[in-house]
Amino acid sequence: MYWSKLYAPTLKESPSDADIKSAELLIRGGFIRKSASGVFSYLPLGTRVLQKITQIVREEMNIAGAQELLMPIMQPAEIWKTTGRWDDYGPEMMKFRDRNDREFTLGPTHEEMITTLVKDELRSYKQLPVNLYQINTKYRDEIRPRFGLLRGREFIMKDAYSFHTSPESLDQTYKDMYNAYSRICDRMNMKYVAVEADTGTIGGSNSHEFTAFAESGESDILVCEKCGYSATQEKAECSDDQKSADEPLKTLTLVETPNVRTVDELAKFLKIEKDKIVKSMVFTGKNGYVMALIRGDLEINIPKLKSYLGDQTLRFATAEEVFEKFSSQIGYIGPIGVKAVRIVSDNSVKNLKNYVVGGLKNEYHYINVNHERDYKINEYTDIRIVVDGDKCPKCGSPLKLKKGIEVGQVFKLGTKYSEKLSATYVDSDGSEKYYVMGCYGWGVSRTMAAVVEQFHDEKGIIWPKAIAPFEVVVTIVNTAMQDQVRVGHEIHEMLEKHEIEVLLDDRDVSAGFKFKDADLIGIPLRITCGKSLENGDIELKLRNSDKSSKIKIEDRDSVLRSVKTLLENYKL
RNA sequence: CGGGGCGUAGCGCAGAGGUAGCGCACCUGUCUUGGGCACAGGGGGUCGCUGGUUCAACUCCAGUCGCCCCGACCA
């Protein structure tokens with residue numbers, strides 16, 4: 001490919017709305033252009049990268065036994081109404097009507113579509129298991145699109161759905177997909193971790209997220225470097241660091257605490273540590289109010305509480321709701337004297353003694369509180385947010401909090417969707433049974449940005465070889481020098497003949513311009529045809545190294561060998 | 001959805017009640033070519049849109065659309 005013919009408009013300056021390094025470099029490098037908030041075009045370079053990622057994903061899916069198909073992006077509302085997600089999925093769904101006023105969505109995902117598609121014809125246990133996938137554009141009307149390709153409203157995703165007769169069969173496919181995802185990451189040299197994840201609104205029993213480490217990432221994950229335990233913040237557990245005092249129970253006392261509402265204020269006012277306070281938070285959900293208790297120095301993890309209560313609709317009660325129910329302001333809520341409200345306590349409260357809680361009366365708190373004696377806690381569970389330094393639930397070493405970008409997620413769905421969509425097969429005993437399902441998503445366009453987040457320097461992108469738009473760029477330093485031009489073309493032709501993807505920079509611009517561009521778009525190997533040709537040498541330089549080596553041009557075999565060796569050993 | 005900011009040339013930005021500017025990019029020519037050359041000449045704008053105030057609006061006012069930031073939220 002000749003650079004002079006390539007449509008790759010590079011920019012010297014950073015676009016004003018680029019809010020993250022990958023977006024800046026992909027735009028500057030001429031890979032993508034924004035067309036609306038969270039919507040991008042892929043230019044030729046971006047398309048090449050995308051195709052390479054796609055191909056890797058496709059190959060690994062096929063190896064894992066999945067079959068590719070293609071479903072419509074435009075989906076009828078009806079199937080979404082059947083599962084209830086037309087409303088539950090909420091305003092994130094892109095919805096529209098056709099000329100006959102029929103409702104449609106631009107699909108954010110395809111569980112309804114695939115289940116509806118297969119249920120009439122996947123009738124017998126003999127046909128199962130089946131794993132089907134597509135690589136397709138998805139739409140989500142994000143509240144706030146940002147970070148370039150990382151949080152777009154239109155993005156490309158690989159989604160696979162598997163159908164089984166048993167949880168054991170699902171386990172096998174889940175494992176296969178998990179392994180395929182690991183290989184996808186490995187092939188791109190991505191630094192990643194597979195973490196235990198919450199299943200959220202998609203439901204199901206079991207899930208792992210594949211997260212690429214990146215400071216700019218939006219996922220918080222906790223990792224134990226000792227034993228390998230890792231989980232998302234929504235899901236992470238830690239071993240109890242229960243603070244139990246071996247002290248006699250003191251007398252419960254109601255004390256006046258004027259204008260003191262928060263744990264911080266209370267600790268200061270009473271001159272005590274925050275871990276001698278128990279916070280009471282009021283939530284409301286489909287089964288009414290719930291009071292959650294946790295030690296004052298910790299925070300409640302709402303996804304964990306949702307998951308424990310089996311209620312995804314759970315939310316904080318408003319100040320008005322709390323006042324109406326408890327006749328007390330939020331800052332003075334406490335468990336003593338509360339009636340007919342479910343109380344759920346974090347494990348951290350279990351062994352506390354003589355602590356402080358809200359007085360359930362404005363401007364008052366109780367001190368020297370002891371559960372069992374002063375009120376009852378019926379349910380203990382883990383609802384705390386795990387933070388950096390908490391102890392690993394498996395081995396007790398300190399956990400590290402890291403940031404990452406979620407590139408893939410695997411779910412065991414069970415029969416949630418098959419039940420709602422009446423999707424059944426006939427089992428060997430002749431009875432109708434619901435499919436046991438799994439689903440497996442991989443963010444293809446997001447991967448492109450995640451890789452750039454991991455691999456770049458101040459000069460530009462440093463692509464891993466597996467997804468670089470070209471493997472080699474041949475730079476003709478001075479197009480006025482016949483030798484340089486001739487040798488450049490010869491090398492270009494030779495490499496193309498050997499199926500190495502090579503870009504020939506034959507543009508009549510200054511040398512510096514060409515070097516800067518080559519670094520910006522991040523081609524792994526640069527071959528420079530310049531001054532050293534006077535001695536019969538060309539120069540080979542890897543993008544991730546400052547060193548270049550010279551090699552005699554006459555010996556074409558050795559040039560080819562060197563290029564191949566350098567590329568093979570190219571590691572980031 | 002709450003709070004805030006910005007829309008002026010392809011990109012990045014300045015300016016200002018009296019007929020629109022800079023850098024980069026683009027075109028022509030000369031020159032140059034080892035890290036985004038140099039010089040000379042040139043083209044390009046209904047100042048986001050709609051309405052209002054005014055002799056006069058790109059500038060002031062109102063509305064609207066778009067974009068961005070913080071927060072809430074997030075298979």
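Chain letters run A, B, ... following the sequence lines, proteins first and then strands; every chain starts at 1. Quick caveat: nothing in here was measured; it's all calculated off a predicted structure.
- Contact check on A:Lys403 versus A:Glu215 returns no salt bridge, with no Lys/Arg side-chain nitrogen under 4.0 Å from an Asp/Glu carboxylate oxygen.
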Worksheet entry | nucleotides 64-72 of chain B: protein proximity per nucleotide (B base, S sugar-phosphate only, - neither; heavy atom, under 4.0 Å) | ---SSBB-B
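- Between A:Trp442 and A:Tyr181, a ring centre-to-centre spacing shorter than 6.0 Å is recorded.
- A distance of about 10 Å separates the C1' atoms of B:G7 and B:C47, rounded to the whole Å.
- The pair A:Lys412-A:Asp171 meets the salt-bridge criterion, since a charged nitrogen lies less than 4.0 angstrom from a carboxylate oxygen.
- The separation of B:A25 from B:C13, taken at their C1' atoms, amounts to 14 Å, rounded to a whole angstrom.
- Between B:U50 and B:G42, the distance separating the two C1' atoms is 36 Å to the nearest Å.
- Pair check for B:G7 finds B:C65; Watson-Crick or G-U wobble, both atom distances under 3.5 Å.
- The gap from the C1' atom of B:C26 to that of B:C61 amounts to 39 Å, rounded to the nearest Å.
- Using a 4.0 Å cut-off between charged nitrogen and carboxylate oxygen, A:Asp141 and A:Arg153 count as a salt-bridge pair.
- The residue A:Lys306 sits close only to the backbone: its heavy atoms come under 4.0 Å of sugar-phosphate atoms, none of a base.
- Counting non-hydrogen atoms under 4.0 angstrom, A:Met157 reaches a base of the nucleic acid.
- Between A:Asp505 and A:Arg507, at least one side-chain nitrogen of the basic residue sits less than 4.0 Å from a carboxylate oxygen of the acidic one, meeting the salt-bridge criterion.
- The aromatic rings of A:His492 and A:Tyr2 lie tilted to each other, with the angle between the two planes from 30° to 60°.
- Look at B:G36: it lacks any Watson-Crick or wobble partner with both distances under 3.5 angstrom.
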Worksheet item: What one-letter contact string describes nucleotides 33-39 of chain B from 5' to 3', where B marks a base within less than 4.0 Å of any protein heavy atom, S marks contact via sugar-phosphate atoms alone, and - marks no contact?
Response: BBBBS--
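- Taking atom P in both B:U46 and B:A9, one finds a spacing of 9 Å when rounded to whole Å.
- Counting to the nearest Å, the P atom of B:C74 and the CE atom of A:Met94 are 18 Å from each other.
- In this structure, the separation between OG on A:Ser422 and OH on A:Tyr434 is 5.5 Å, given to the nearest 0.5 Å.
- Remark: B:C60 base-pairs with B:G52. Criterion, Watson-Crick or G-U wobble with two distances under 3.5 Å.
- The pair A:Glu218-A:Arg151 meets the salt-bridge criterion, since a charged nitrogen lies less than 4.0 angstrom from a carboxylate oxygen.
- A 3.5 Å limit on both hydrogen-bonding distances identifies no Watson-Crick or G-U partner for B:G43.
- Nucleotides B:G43 and B:C27 are separated by 7 Å at their C1' atoms, to the nearest Å.
- With contacts defined as side-chain heavy-atom distances shorter than 4.5 Å, the pair A:Lys95/A:Phe104 does not qualify.
- At a non-hydrogen distance threshold of 4.0 Å, nothing from residues 73-82 of chain A comes into contact with RNA chain B.
- Look at A:Glu539 and A:Arg526 and you find no salt bridge, because none of the NZ, NE, NH1 or NH2 atoms lies under 4.0 Å from a carboxylate O.
- More than 12 heavy atoms of other residues, nucleotides or ligands lie within 6.0 Å of NZ in A:Lys81, so this atom counts as buried by the packing criterion.
- Across the P atoms, B:C49 and B:U59 are found 10 Å apart, a figure rounded to whole Å.
- In this pair, A:Phe316 and A:Phe283 present their aromatic rings parallel. The plane angle is below 30°, not in the 30 to 60° band.
- Base contact: A:Phe155 has a heavy atom under 4.0 Å from a base atom.
- Of all nucleotides present, only B:C70 satisfies the Watson-Crick or G-U wobble test against B:G2, with each distance under 3.5 Å.
- Across the P atoms, B:A57 and B:A14 are found 25 Å apart, a figure rounded to whole Å.
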